[in-house]
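Here the structure comes first, spelled out in structure tokens, and everything after it is commentary.
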Amino acid sequence: MGREESSNFSTFFLFSLLSFLFITETQARKLQQVVCSSSCGDIKNISYPFRLKSDPAGCGDPDYELSCQSNKTILEFHSGKYYVEKISYSEQIIRVVDVNLAGGSCGLPYKSLSRDVNDIRYSRQVDTRMKTASFVNCSRNISDTGYRKVPCLSGDQSFVYVISGGDAISLLPEPCFFISMVPILDAGVDYPSYETIRNLLKSGFDLGWSVLCRDCFAAGNMCFSSANSKPYCYDNGSNFIVALIQLIFTSLVTFLLAMGLISRFIVIPIVLIVFLIHKYRTTRKTVDNVEKFLYKQQSWMPKRYSYIEIIAITNHFRDKLGQGGFGSVYKGQLSDGSSIAVKVLENSSFSGEEFINEVSTIGRIHHANVVRLLGFCSEGSKRSLVYEYMPNGSLDRHIFSKKGTGESFSWEKLHEIALGTARGIEYLHNGCDMCILHFDIKPHNILLDCNFIPKVADFGLAKFYPKERDFVSVSALRGTIGYIAPELISRNFGAVSCKSDVYSFGMLLLEMAGGRRNSYAKATRSSKAYFPSWVYDKITNGEDLELPDVSEIEVVIARKLCIVGLWCIQVEATHRPSITKVVEMLEGSIDDLQMPPKPFFSSSPQHKSIREIQSDSSTELLESESFEECSYSHQSSYI
Ligand SMILES: *[C@@H]1O[C@H](CO)[C@@H](O)[C@H](O)[C@H]1NC(C)=O
Ligand SMILES: *[C@@H]1O[C@H](CO)[C@@H](O)[C@H](O)[C@H]1NC(C)=O
Ligand SMILES: *[C@@H]1O[C@H](CO)[C@@H](O)[C@H](O)[C@H]1NC(C)=O
Ligand SMILES: *[C@@H]1O[C@H](CO)[C@@H](O)[C@H](O)[C@H]1NC(C)=O
């Protein structure tokens, strides 16, 4: 009796607490609505979470601010401007039209926007059938079913077309370039007429807003929302099913409390056991599903971009920065205005899952002297990597420059750059949980930021091309020959290891000190033809390095760079210092440095000199078998 009474009492207490909370919240909402509803033109009663700029502080949510100009309500979004046509508070949808496309006006969008709106405030998916209208500018008449001419923008010389489709157009005919795109509603036909597209552009598109999802994303959690269901926020650590079980669990507890039944002592343990078994199973299960993997790792993963977004970011690959062995690099701009570099990979032999695993490895690498991977794109065979943009380009532009084309550095600055680069490589070798061999250290892969801080680029990419032939031909193509360690060329020189990168770094140091490529073709006749051997003789004979106009301190720095460089390019990998030791040598005093043994065996009869091997035709490279060994030890170093 006593037990039942107390149980009834707790039920009553719970209910009154719940209803109290419920009532106060709805009252508060009502209060907010009454106080803060304003209108602008056709949009009446603008209320929570939306607010007008002119509303008193405290109304609505600052994230959902609208402005009112000449009786038109305007949403400013991703630096575009959109007229608000309608707000549905029950469906949580706001319909907007680009200001340049509203009314009957014929023009280009004010701002390009892709269909996958990338914004936590408007993340809710409204209609999966949404399409995009892309505007392109062509220098000749195109007769293609999908291409609809925009009469008011076309002339005799240039033809502007609008194309409606679910995807961005990835292959434009030759004389065309992409201008911008904007989401539109579905026309219901494959190739809508120009009039239809015009009307769709005029009527705008829907954005789904959800305050709950916004708060959920802001707290670092995942929000689940679709066109027909209410948004649901769940914790990053647990997955959706666990969240569902927790939900059932809590509602069962409330239900049983309300019933006031003893049976709860039986059901709860059962539910608990089911819950624990499930939890055990899910933790034991290997993470095989890429999407799940991505959700879990979201906090450190580079951002995943769709191919459409890559097209929008790079303005349809308009600004090419360079061409490397792995693909072309384009400059791009994110919606927040920051610049980035997009590397479009060609012919990667990896599957999507392997690619994403690899990218997540590279994405975890954060160091002041290593280029940061910000994002990636993997859609079918389309693979791209998004990096931070380095305004001062690569080191070769500066150290090999004839006067005028690049900055020429003081010896102090060269030393700083050498040390920074060594620290970057050291981090790749030792700093993270797995050793990352670069295999392609050379001035082109050392990028300089706005303060001329060096950053190692292109690491980890060798892994995407594990086949021996590819690797060699790629390197040969990129003119990397002068930097390859001898053991990468022929197995006679030993196994491939971290010391191979040290070799390449040594060549780089000597080039920085020499201010030119080590084997400079035009100087073949002079005694300086091969800089490392020339500098070795000079230093061992105690002669000066023939540097014009330099101070005492600078001579010391130059000698130091040369000695460290000569240590690194020893033919025997075991004679080379580790990169950690190299950092110490560069930081330390020149008095602690000893002269290395002569790094080449030009007089030794049983071997060719490295130079000869390196200037040999590439046939020997392709025949070499050492690459099996290379990719083997390379792979094992990741474990
Ligand atoms: C706006 O609110 C007022 C009262 O606050 C109400 O009378 C009016 O019908 C509302 N208008 C719309 C379009 O909901
Ligand atoms: C806005 O509308 C109000 C009444 O609806 C009108 O009095 C006013 O002149 C309009 N303002 C502009 C700039 O059109
Ligand atoms: C299209 O390109 C031509 C030539 O590049 C240019 O003159 C014209 O202004 C462009 N049209 C638009 C609408 O951008
Ligand atoms: C472009 O092609 C269409 C039909 O394909 C034709 O009617 C039109 O006159 C052509 N315009 C120009 C400027 O050549």
Side-chain angles (χ1 to χ4, degrees), residues 36-47 50-56 59 65-76 78-87 95-114 132-144 146-165 168-184 192-202 204 308 311-320 330-333 335:
C36 303
S37 88
S38 44
S39 302
C40 171
D42 291 340
I43 310 296
K44 304 270 190 277
N45 293 356
I46 294 173
S47 42
F50 291 96
R51 55 171 272 121
L52 279 179
K53 268 203 176 108
S54 51
D55 282 345
C59 278
E65 190 163 80
L66 306 171
S67 57
C68 189
Q69 287 166 18
S70 323
N71 285 346
K72 290 274 202 182
T73 316
I74 292 180
L75 168 69
E76 287 180 31
H78 282 232
S79 58
K81 272 190 175 182
Y82 302 87
Y83 290 135
V84 177
E85 297 285 299
K86 201 173 88 181
I87 303 177
R95 172 159 298 184
V96 296
V97 192
D98 187 289
V99 289
N100 284 359
L101 302 173
S105 55
C106 166
L108 291 171
Y110 182 87
K111 185 79 210 243
S112 194
L113 183 71
S114 97
T132 45
S134 308
F135 290 81
V136 299
N137 189 348
C138 306
S139 53
R140 81 173 152 78
N141 209 353
I142 304 285
S143 52
D144 186 300
Y147 285 59
R148 300 294 179 204
K149 189 176 283 171
V150 183
C152 64
L153 297 170
S154 301
D156 293 337
Q157 300 302 320
S158 70
F159 303 86
V160 175
Y161 294 93
V162 59
I163 307 155
S164 144
I169 8 87
S170 46
L171 273 178
L172 285 174
E174 188 43 63
C176 297
F177 65 86
F178 170 86
I179 309 173
S180 58
M181 61 173 133
V182 69
I184 52 171
S193 68
Y194 176 67
E195 286 313 311
T196 314
I197 298 180
R198 183 83 258 151
N199 285 332
L200 289 174
L201 288 170
K202 203 166 76 178
I308 308 173
I311 290 179
I313 288 170
T314 58
N315 207 349
H316 218 279
F317 305 113
R318 201 178 281 181
D319 192 356
K320 188 162 175 174
Y330 299 90
K331 187 173 174 183
Q333 203 166 35
S335 51

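Counting starts at 1 for both ligands and their atoms, in listed order. As the structure is a prediction and not an experimental result, all values here were calculated from the model.
- Between the side chain of Arg51 and the backbone N or O of Cys59 there is at least one donor-acceptor pair closer than 3.5 Å.
- Remark: side-chain polar atoms of Ser39 are paired, donor with acceptor, to backbone N or O of Asn45 under 3.5 angstrom.
- Here the CZ atom belonging to Phe159 is positioned 10.0 Å from the CG atom belonging to Asn137, to the nearest 0.5 angstrom.
- The shortest side-chain heavy-atom distance between Phe135 and Val150 falls under the 4.5 Å cut-off.
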One line per pair, note the atom names and distance for all nitrogen or oxygen contacts under 3.5 Å between ligand 3 and the protein.
{"unit_1": "ligand 3", "atom_1": "2 (O)", "unit_2": "Asn137", "atom_2": "OD1", "d": "3.3"}
{"unit_1": "ligand 3", "atom_1": "2 (O)", "unit_2": "Asn137", "atom_2": "ND2", "d": "2.3"}
{"unit_1": "ligand 3", "atom_1": "11 (N)", "unit_2": "Asn137", "atom_2": "ND2", "d": "2.9"}
{"unit_1": "ligand 3", "atom_1": "14 (O)", "unit_2": "Asn137", "atom_2": "ND2", "d": "3.4"}

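- Residue Asn71 approaches ligand 2 through these ligand atoms, each under 4.0 Å from one of its heavy atoms: 1 (C), 2 (O), 3 (C), 8 (C), 10 (C), 11 (N), 12 (C), 14 (O).
- Between the side chain of Asn199 and the main chain of Thr196, no donor-acceptor pair closer than 3.5 Å is present.
- Side-chain contact check for Lys149 and Ser154: no donor-acceptor pair (N or O, by modelled atom type) lies under 3.5 Å.
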